[in-house]
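Residue numbering restarts at 1 for every chain, and letters A, B, ... go by the order of the sequence lines.
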Protein chains: 2
Amino acid sequence: MTRPLTRRPGRPPGGQLDVSRDAVLDAAERVIARDGANASIDAIAAEAGVTKPIVYDRVGSRADVATALAERLSERMAVAARAALDGRGFTRSSLASFIEANLRTVVDHRDLFLYVTGGTTDQTSLGRLVLAEQSTAPLSLALVSWRKRVGLDPSVADSWAYGMVGMLQMASLWVIGSTSADPRVVADQLAELLWFGLVGERRPD
Amino acid sequence: MTRPLTRRPGRPPGGQLDVSRDAVLDAAERVIARDGANASIDAIAAEAGVTKPIVYDRVGSRADVATALAERLSERMAVAARAALDGRGFTRSSLASFIEANLRTVVDHRDLFLYVTGGTTDQTSLGRLVLAEQSTAPLSLALVSWRKRVGLDPSVADSWAYGMVGMLQMASLWVIGSTSADPRVVADQLAELLWFGLVGERRPD
DNA sequence: TCGGGAAGTTACCACGGGTAAGAAAGAGAC
DNA sequence: GTCTCTTTCTTACCCGTGGTAACTTCCCGA
């Protein structure tokens, strides 16, 4: 809303509008961070200083916006996870750090996470699976190569990847909504479960 | 839509309308099963043979409808799980049966699951957490009593319960949307992960 | 100088959740 | 038996949101 209120229709002067796809997505993130997960396309357009059809031209439908933001969020989660691991091997401790990094990233982008995972009913499954598959695909690959290396059946990779991502998403949702759930503790406990299993004996890594 | 098309306003003759809350919810389930997860309140009302305000009187808002249906679905999942376990002890095999029963119940109620988990953005977290907490609460209790019995720290119960439920929900979503994912196989693989952990050695139960 | 395409804006439509206002039926009072 | 008041339901509406059509202006090239 930086523009004058009274405008006449038609193409405005000044050459092509300097609003890129990324600028629209930046605006979307700002609106979501400021006003919460129920952000409308109108609000995003206003924040970007453009009108609604521009958003549709630069990004696409609301589902496309959510998908693009899901890509951003999952990329950020991957970056945080890599930083947390920092070349450490695959141990129980590094697994906990990985989970904690993911949880903290979601906490830091609370409403973005809710926007991305909480699509309209139309494409609900799609909305959640987009964020999921951004994470499951590399995770599945990593699982396959690791299982092959240690001589175990790699066919479990897909199930495990989806399962672990689902576990992370639900834990994120819980941590977001609960005051008593501490990301560090939750991450440690989930790592315990994933590493040793329900009945596995605890042993130092 | 069993009623005549031309009606005049006002209270219709014949005493109080014989439409219970459960009847409305039954209608909602029929509409969802027939037309998919994007079912409107109008459609539900029409299916129940009433008008929209009746739905609001008997059940409540759309979020309330979703919550009520989530209770039904989780109850059905619990029944299926109990039947699958059938008094067996807590073993890897029974865990796989438990998971498979859950997956099959979701597959059998595909659109109901999507309707329940895919609330409007407003109350998204709530929508998913409702179904989740119906399952996490008893699961958490079971985990606490079991961990105490075998002399392990019971404080992990909440994290584990949310994690496992999230794992189940994501796996359900995946199984629903994928043609290649077989509930039996997926359940077995997830049980493997939960029972032995990522690095646990496989051993017969 | 003058089309014609490019680029945006306004205005609109459809639809869904939710509610207010009003109309008929029924129950009770006199 | 009639009159009024309450209950119970319907119609009709409001509002916000996603998505698009129509139209208006600018600019570039002939």
Side-chain angles (χ1 to χ4, degrees), chain A residues 1-21 23-24 28 31-32 35-68 115 118-124 126-127, chain B residues 1-21 23-24 28 31-32 35-68 115 118-124 126-127:
Chain A
M1 276 298 181
T2 60
R3 287 153 174 279
L5 288 155
T6 56
R7 297 179 60 81
R8 60 180 197 288
R11 178 180 184 176
Q16 185 156 343
L17 200 52
D18 186 24
V19 175
S20 66
R21 171 188 165 97
V24 173
V31 170
I32 291 168
D35 300 342
N38 50 344
S40 67
I41 301 286
D42 274 307
I44 292 170
E47 173 68 27
V50 297
T51 53
K52 207 163 34 165
I54 299 295
V55 175
Y56 281 85
D57 177 63
R58 298 295 196 277
V59 184
S61 71
R62 190 205 158 94
D64 295 322
V65 174
T67 300
Y115 185 89
T120 323
T121 315
D122 272 1
Q123 303 274 20
T124 283
L126 209 140
Chain B
M1 277 298 180
T2 59
R3 285 150 174 279
L5 289 155
T6 57
R7 297 179 59 82
R8 62 182 195 289
R11 177 180 184 175
Q16 187 157 343
L17 200 52
D18 185 24
V19 175
S20 67
R21 171 186 165 96
V24 173
V31 171
I32 291 167
D35 300 343
N38 50 344
S40 68
I41 301 286
D42 275 305
I44 291 170
E47 173 68 28
V50 297
T51 53
K52 206 162 34 165
I54 298 296
V55 175
Y56 282 85
D57 176 65
R58 299 295 196 276
V59 183
S61 70
R62 189 205 158 95
D64 295 322
V65 174
T67 301
Y115 185 90
T120 323
T121 315
D122 272 3
Q123 302 274 20
T124 284
L126 210 139

Considering all heavy atoms of both residues, which atom of A/R58 and which atom of A/R21 are nearest to each other, and what is their separation? O-CG, 3.6 Å
Quick one: CG on A/N38 to OG on A/S40, what's the gap to the nearest 0.5 Å? 8.5 Å
State, to 0.1 Å, how close B/V65 and B/V59 come at their nearest heavy-atom pair, and which atoms those are. CG2-CG1, 3.8 Å
Please check this pair: side chain of A/D57 against backbone of A/I54, looking for a donor-acceptor N/O pair closer than 3.5 Å. no
Non-hydrogen atoms of B/A39 and B/I32 that approach each other most closely: CB-CG1, 3.9 Å
For A/V19 and A/A48, the nearest pair of non-hydrogen atoms, with its separation, is CG2-O, 4.5 Å
To the nearest Å, how far apart are B/R62 CZ and D/dG16 P? 19 Å
Whole angstrom value for the distance that separates P of C/dG16 from CG of A/N38: 20 Å
Euclidean distance, atom OH of residue B/Y56 to atom P of D/dT10 [Å, nearest integer]: 15 Å
Let me know the distance between CG of A/D35 and P of D/dG16, rounded to the nearest Å. 15 Å
Pairwise N/O distances under 3.5 Å, protein to nucleotides 11-15 of chain C:
none

Between A/I44 (CD1) and D/dG19 (C1'), how many Å, whole number? 14 Å
Just how large is the angle between the end axes of the helix from C/dT1-D/dA30 to C/dC30-D/dG1, five pairs per end, to 10 degrees? 30°
All salt bridge (Lys or Arg N to Asp or Glu O under 4.0 Å) counterparts of A/D42, not counting sequence neighbours: A/K52
Just the rounded figure in Å: distance from P of D/dT10 to CG of B/D57. 11 Å
Looking only at heavy atoms, the pair that brings B/A43 and B/V31 closest together is O-CG2, 3.7 Å
Starting from P on D/dT20, measure out to CD1 on A/I54 and report it in whole angstrom. 15 Å
I want to check one thing: is the phosphate of C/dG8, taken as OP1 and OP2, less than 4.0 Å away from some side-chain N or O of A/T51? no
I'd like to know if the side chain of B/T67 pairs up with that of B/D64 as donor and acceptor (distance under 3.5 Å, no hydrogens or angles considered). no
